[in-house]
Participant: 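Pasting in a structure now, in structure tokens, and then I'll have a few things to ask.
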Amino acid sequence: MASLPSVAVPGTIKLDLDFKKSSQTSLSTHKNSSIFNAKTDPRCLDFREALSMIEEGSKVETAFYVPILQECIDRNSVSEAQIIHTHIIKTGSYEDSFLTTFLVNVYAKCGEMGYARKVFENFPQRNIVTWTTLMTGYVYNSMPELAIKVFQEMLESGVYPTNYTIGAVISACSFMSSIRFGKQIHGYIIKYKLDCDTSTGNALCSFYSKCGKFGAAVKAFRRIKEKNVISWTTAISACGDNGRANMGLKLFVEMLSEDAGPNDFTLTSILSLCCLLHAVGFGEQVHSFSIKLGFEPNILIRTSFMYLYLKCGRIDESRRLFDGIEDISLVTWNAMIAGYAQMTDHAKDSLMAHHSGTEALNIFLRLMRSNMKPDLYTFSSVLTVCSSLIALEQGEQVHAQTIKTGFLSDVVVGSSLVNMYNKCGSIERATKAFVEMPTRTLISWTSMITGFSQHGRTRQALDLFEDMRLAGVRPNKITFVGVLSACSHAGKVDEAMRYFEMMKKQYGIKPMMDHYSCLIDMYVRLGRLKEAFELIEKMDIEPNEFVWSLLIAGCRSLKNMELGFYAAERLLELKPKDTEAYALLLNMYLAEGRWNDVSRVRKLMREEGRGKLMDWSSINIKDKVYSFKPDGRSHHQSAEIYALLEDLLEKAKSLGYVSLRCLEMDDEDVVKEKTVSSTVHHSEKLAVAFGLLNVSSGAPIRVIKSISMCRDCHSIIKFISELTGREIIIRDSRRLHQFNNGHCSCGDFSNLL
DNA sequence: CGCTCATAAT
């Protein structure tokens, strides 16, 4: 199991505090209703019956329309709304501003802003609520610019906004991420002294958070004099959205100490923070706390707990919760699939990761067999699982399901498909999926650019980047990681620098470590160690473990041990969290015969509580997963596997293969003796040989490896791909290696162990 | 005005 990030949990929750449940909790939504006569109250009638009463034509009370119009919104039925609309006009209820405003709302919620606008235009008695409803409608239908325009019209016509209006305008600003306009609105709010009003303050806090201005969001929150549950919940989610999950937990504790009772929204927000932090201990406290407050029956909260436990590897507890839910909704299924998928991400060096991936696929199958219809969340999660398992066949089946259910055209599902095909090594199918997408987002473009880059297709990656800019999509920092890594692959220093400058100047993106890593990787690949080192010294960020590892890998290949040893000391000072960093150092010191350093690193590893490197590989053949450990002989085909490897090694030697000294991964005690002399069969070699024996001829071999490949295996597999004419794809913990005719898509100079 | 499940990386 991978070590989880350590979390400084802010104190513990005092469980003896006895909160009253907030009145706003949606657990107590039971509204008092029975003043109406059952015969004329449409809530007691069938929707059709109520409608036909209207079609008969007699005038009815305003209150009669309300539930039917509400029903129109819930059913998203425009035609029924039009029937009621006609009736309202015919009977003269049109002058009722409440009803007319409601009609604007109905059309807006049904996505018919044209109709909504018409109702508004034809209604001279429009009041502030009508204006606000129209604006809210535009925001609801993703037209924030029009909402702002309406706001300006309104001010010009001399109508003064209420805090509801301001709320709508601010959501429009959030939608556009328009800091400039939002600040103008903020100025307006201060001018009219609306600032401390609770709902306005909440909206402002949410706005600044969505624009990434966390500091301003917190300030807005702090200025609210009378904070309600929504204020606290908004501030807590703001922490999560801005990478400050820990502070969110602190706010929660503060909230409790101020006697503010959380509701179900607050709890789900807190749980998503716990997920981000893997703070399962904190989550457990919240769990018992929430039971005490009576949130137990709430299925969404139960689902959130289930998801948290699963994501943190507490499979049993999670399953108990899952099994306890009688009426499993799609959200619960999805959370279960996503939970297993996320576990895959965080348990890379364990076989458990693989099992959780296959378990996620099983859950997906169960879902499909039940009568539930999957949605975009189901598909994106399950496609992620296929990616991490490089399960191309299963991925194709899911692809077929997206077509069958009509989700193929969804942009998130489409992006997930592109990503899945890329990760499975099929750049052709990824390209096809990308081209066929009806709409694309930043993420779709970035996925495809990165895909080209990973497959060593630099020109296509850069061309696509230009296409993306021409299409008017603004690249973000991750897009630039893709672009710079593409340049790095091809050794295009000038272009890399040009894009790096473009990123800073034209797009105002502050370089982060990942961008520097690409540049350093580029210099190292070109053998320009000095420039790589100078860049490290020059950066305005503290170099991290990864950067030093890159340099060390370069120094080893180019035999610049002086710089290599220097970099090693810097790396050791950081007390790396990543076990692979220690393995890299051990490999280097072993190769140089520096036994003192070997034991020094070993000691530090023990002190830091870093375990051994777990090397395992797995291969997926026809719905079955086969796993291999290094030098494993327990497999029933072991004899054939070893014979094949021996044969291939001999042939490779005649083609010029020279074995490189390498660390034995799984067994510390024999390292000294064996590394220098005999060949070590790391797990991927066994998996590849097994694949050669069992995968139908001509088909690519796809292997997943728990840790980085070592230089020796990387070299021999290049020869194997040449000797057998097979395409071999190995996804290790760092990147995708696609071997074809003696070449690898990583361009060879990756920081192998 | 707040919420759970989702897609991109060296």
Side-chain angles (χ1 to χ4, degrees), chain A residues 24 26 163-164 166-168 170-171 174 197-207 209 224 228-238 240 263-272 275 298-308 329-339 341-342 375-384 387 410-420 422-423 441-451 453-454 476-485 488-489 512-522 544 546-547 549-550 734-735 746 750-751:
Chain A
Q24 291 184 52
S26 52
N163 48 8
Y164 285 99
I166 295 293
I170 295 174
S171 345
S174 307
D197 174 80
T198 305
S199 64
T200 317
N202 294 348
L204 262 182
C205 174
S206 164
F207 162 70
S209 160
I224 303 171
N228 61 13
V229 175
I230 299 175
S231 320
W232 286 102
T233 310
T234 309
I236 287 169
S237 341
N263 64 13
D264 47 348
F265 283 59
T266 324
L267 288 178
T268 40
S269 298
I270 277 298
L271 286 175
S272 82
C275 279
N298 187 312
I299 300 221
L300 283 183
I301 291 181
R302 260 207 250 179
T303 299
S304 300
F305 279 114
M306 181 200 83
Y307 181 62
L308 171 68
S329 74
L330 187 59
V331 177
T332 308
W333 284 107
N334 286 351
M336 203 69 187
I337 294 170
Q342 299 279 327
D375 69 356
L376 76 148
Y377 295 110
T378 324
F379 281 122
S380 38
S381 296
V382 85
L383 285 169
T384 305
S387 312
D410 181 88
V411 70
V412 174
V413 174
S415 302
S416 307
L417 265 176
V418 170
N419 177 47
M420 185 274 291
N422 271 329
K423 292 259 171 69
T441 59
L442 165 70
I443 293 179
S444 332
W445 289 96
T446 305
S447 269
M448 197 63 230
I449 290 169
T450 309
S453 168
Q454 284 176 332
N476 71 359
K477 54 189 180 180
I478 296 167
T479 320
F480 276 103
V481 172
V483 169
L484 291 176
S485 75
S488 154
H489 269 262
M512 29 170 227
M513 195 52 85
D514 301 0
H515 301 119
Y516 286 116
S517 304
C518 292
L519 296 178
I520 290 160
D521 181 57
M522 174 179 72
N544 65 2
F546 186 74
V547 164
S549 306
L550 277 175
R734 291 239 155 95
R735 55 159 33 97
C746 81
S750 40
N751 49 337

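The figures that follow rest on heavy atoms only: side chains count, while hydrogens, waters and symmetry mates do not. A note on names: the letters A, B, ... follow the listed sequences, proteins ahead of strands, and every chain is numbered from 1. Please read these numbers as outputs of a predicted model, since none were measured by experiment.
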Participant: Just how far, in rounded Å, is P of B:dA8 from NE2 of A:His515?
Facilitator: 17 Å

Participant: Quick one: which of B:dT10, B:dT7, B:dC3 gets closest to the side chain of A:Thr384?
Facilitator: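 The answer is B:dT7.
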
Participant: Considering every strand and a 4.0 Å limit on heavy-atom distances, what is the contact class for A:Thr303: base, sugar-phosphate, or nothing?
Facilitator: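 Touches nothing.
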
Participant: Checking all strands, does A:Tyr307 fall into the base, sugar-phosphate, or nothing category for heavy-atom contacts under 4.0 angstrom?
Facilitator: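 Sugar-phosphate contact only - A:Tyr307 comes under 4.0 Å of backbone atoms but never of a base.
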
Participant: Just to be sure I understand the rule, does A:Leu376 reach a base, reach only the sugar-phosphate, or reach nothing, if contact means heavy atoms closer than 4.0 Å?
Facilitator: nothing

Participant: Grab the CG-P distance between A:Asn422 and B:dT7 for me, whole Å please.
Facilitator: 16 Å

Participant: Give a yes/no verdict on base stacking between B:dA6 and A:Tyr377: centres under 5.5 Å, planes within less than 30° of parallel.
Facilitator: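 Check failed, A:Tyr377 does not stack on base of B:dA6.
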
Participant: Report the distance from atom CG of A:Leu383 to atom P of B:dT7, rounded to the nearest whole Å.
Facilitator: 10 Å

Participant: Looking only at N and O atoms, is any donor in the side chain of A:Ser517 or the base of B:dT10 less than 3.5 Å from an acceptor on the other one?
Facilitator: yes

Participant: Counting only side-chain N and O atoms of A:Gln342, is one of them less than 4.0 Å from OP1 or OP2 of B:dC5?
Facilitator: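 Checking A:Gln342 against B:dC5: no side-chain N or O falls below 4.0 Å of OP1 or OP2.
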
Participant: Rounded to whole Å, please give me the gap between CG in A:Leu300 and P in B:dC3.
Facilitator: 13 Å

Participant: Please enumerate all residues that pass side chain to side chain contact (heavy atoms under 4.5 Å, CB included) together with A:Thr268, with sequence neighbours excluded.
Facilitator: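 Once residues adjacent in sequence are excluded, the partners of A:Thr268 under the side chain to side chain contact (heavy atoms under 4.5 Å, CB included) criterion are A:Ile301, A:Ser304.
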
Participant: Over all heavy atoms of both residues, which pair between A:Ile337 and A:Val382 is shortest? Give the atoms and the distance, please.
Facilitator: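 Looking at all heavy atoms of both residues, the shortest contact is CG2-N, 4.2 Å.
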
Participant: How would you label the contact of A:Ser380 with the nucleic acid (heavy atoms, under 4.0 Å): base, sugar-phosphate, or nothing?
Facilitator: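 Sugar-phosphate contact only - A:Ser380 comes under 4.0 Å of backbone atoms but never of a base.
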
Participant: For the residue pair A:Thr266 and A:Asn263, confirm or rule out a side-chain donor-acceptor distance under 3.5 Å.
Facilitator: yes

Participant: CZ of A:Phe265 versus P of B:dC3: gap in Å, rounded?
Facilitator: 8 Å

Participant: Can you measure A:Asp410 atom CG to B:dA6 atom C1' for me and round it to whole angstrom units?
Facilitator: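 Nearest whole value for this atom pair: 9 Å.
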
Participant: Take atom CG of A:Asp375 and atom C1' of B:dT7, then tell me their distance rounded to the nearest Å.
Facilitator: 13 Å

Participant: Identify the two heavy atoms, one from A:Asn422 and one from A:Ser447, that lie closest to each other, and give their separation to 0.1 Å.
Facilitator: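 Minimum heavy-atom separation between A:Asn422 and A:Ser447: ND2-O, 3.4 Å.
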
Participant: Looking only at side-chain N and O atoms, does A:Asn419 come under 4.0 Å of OP1 or OP2 in B:dA8?
Facilitator: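 Yes.
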
Participant: What does A:Ser444 touch in the nucleic acid at a heavy-atom separation under 4.0 angstrom: a base, only the sugar-phosphate, or nothing?
Facilitator: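 Contact class for A:Ser444: none.
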
Participant: Please enumerate all residues that pass ring-ring contact (aromatic ring centres under 6.0 Å, His included) together with A:Phe480, with sequence neighbours excluded.
Facilitator: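 Testing A:Phe480 for ring-ring contact (aromatic ring centres under 6.0 Å, His included), a comparison that skips the adjacent residues, returns A:Phe465, A:Tyr507.
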
Participant: OP1 or OP2 of B:dA8 less than 4.0 angstrom from a side-chain nitrogen or oxygen of A:Lys477, does that happen here?
Facilitator: no

